[in-house]
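Okay, structure first, notes after.
Worth saying up front: this structure is predicted, and the values here are computed from it rather than measured. Residue numbers start at 1 and run along the sequence shown.
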Amino acid sequence: MSAESAEYFFNKILEAIPDAVMVTDYNGVIVALNSHTQEYLGYRSDDLQGMGIDILIAPTLRERHQKHCQLYSEHPTPRQMGQRQELTI
């Protein structure tokens, strides 16, 4: 499969998910998001891609979020992000 085909299928799958989904790289930089995320947050894809995920975290919670991300990268386990708290914008 070519890189173009793989990207095409990845984007189709991302759009088929009925929830808001963002994909970040290892450094927390947003590399992909679906249209549900754009509708939910009110930002265009172009506005968020390439930005650090921390811009979406309240300043008072950023340090804690960074620690959670570090712990997750050291011991990754499948789980829904933000499952223990109400997400608001």
- Can you find a heavy atom in the side chain of Q49 that is under 4.5 Å from one in the side chain of V31? no
- Message: Looking at Q38 and S45, would you say the former's side chain and the latter's main chain have a donor-acceptor pair under 3.5 Å?
- Response: yes
- Side-chain donor-acceptor contact under 3.5 Å, Q70 with Q66: no
- Give a yes or no answer on whether the side chain of N11 reaches the backbone of Y8 with a donor-acceptor pair at less than 3.5 Å. no
- Query: Around E63, counting heavy atoms of other residues, nucleotides and ligands shown, do more than 12 lie under 6.0 Å from its CD?
  - Reply: no
- Note on the structure: CD1 of I30 to CD1 of I55, rounded to nearest 0.5 Å, is 5.5 Å
- Query: If you measure only the distance, is there a donor-acceptor pair under 3.5 Å linking the side chains of D19 and H36?
  - Reply: no
- Look only at the side chain of D25 and the backbone of N27, and say whether a donor-acceptor pair between them is shorter than 3.5 Å. yes
- Message: Would you compute the distance between atom CE of M22 and atom CG of L41 and round it to the nearest 0.5 angstrom?
- Response: 5.5 Å
- Task: Drop me the distance from T24's OG1 to D54's CG, to the nearest 0.5 angstrom.
- Result: 10.0 Å
- Query: For the hydrophobic clusters of this structure (ILVMFWY residues joined by side-chain heavy atoms under 4.5 Å, transitively), does one cluster hold both M51 and Y40?
  - Reply: yes
- Message: Between F9 and L14, is there shared hydrophobic-cluster membership here, with clusters defined by ILVMFWY side-chain heavy atoms closer than 4.5 Å?
- Response: no
- Grab the two heavy atoms, one from T77 and one from Y72, that are nearest each other, plus how far apart they are. O-CE1, 3.0 Å
- Check whether V21 and F10 end up in the same hydrophobic cluster, where Ile, Leu, Val, Met, Phe, Trp and Tyr are linked by side-chain heavy atoms less than 4.5 Å apart. yes
- Item | Atom of M1, atom of S5 and distance for their closest heavy-atom approach | CG-CB, 3.5 Å
- Query: Just how far is it from atom CZ of R64 to atom NZ of K67, taken to the nearest 0.5 Å?
  - Reply: 10.5 Å
- Of all the heavy-atom pairs spanning S35 and E15, show the shortest one and how long it is. OG-OE1, 2.6 Å
- Pairwise distance CD1(I53) to CG(L48) - rounded to 0.5 angstrom: 8.0 Å
- In this structure, OG1 of T37 is separated from CD1 of I17 (nearest 0.5 Å) by 9.0 Å
- Message: Would L33 and Y43 count as a side chain to side chain contact (heavy atoms under 4.5 Å, CB included) here? Give the steps.
- Response: CA-CA 11 Å; L33 59 147; Y43 291 101; over 6 Å; no
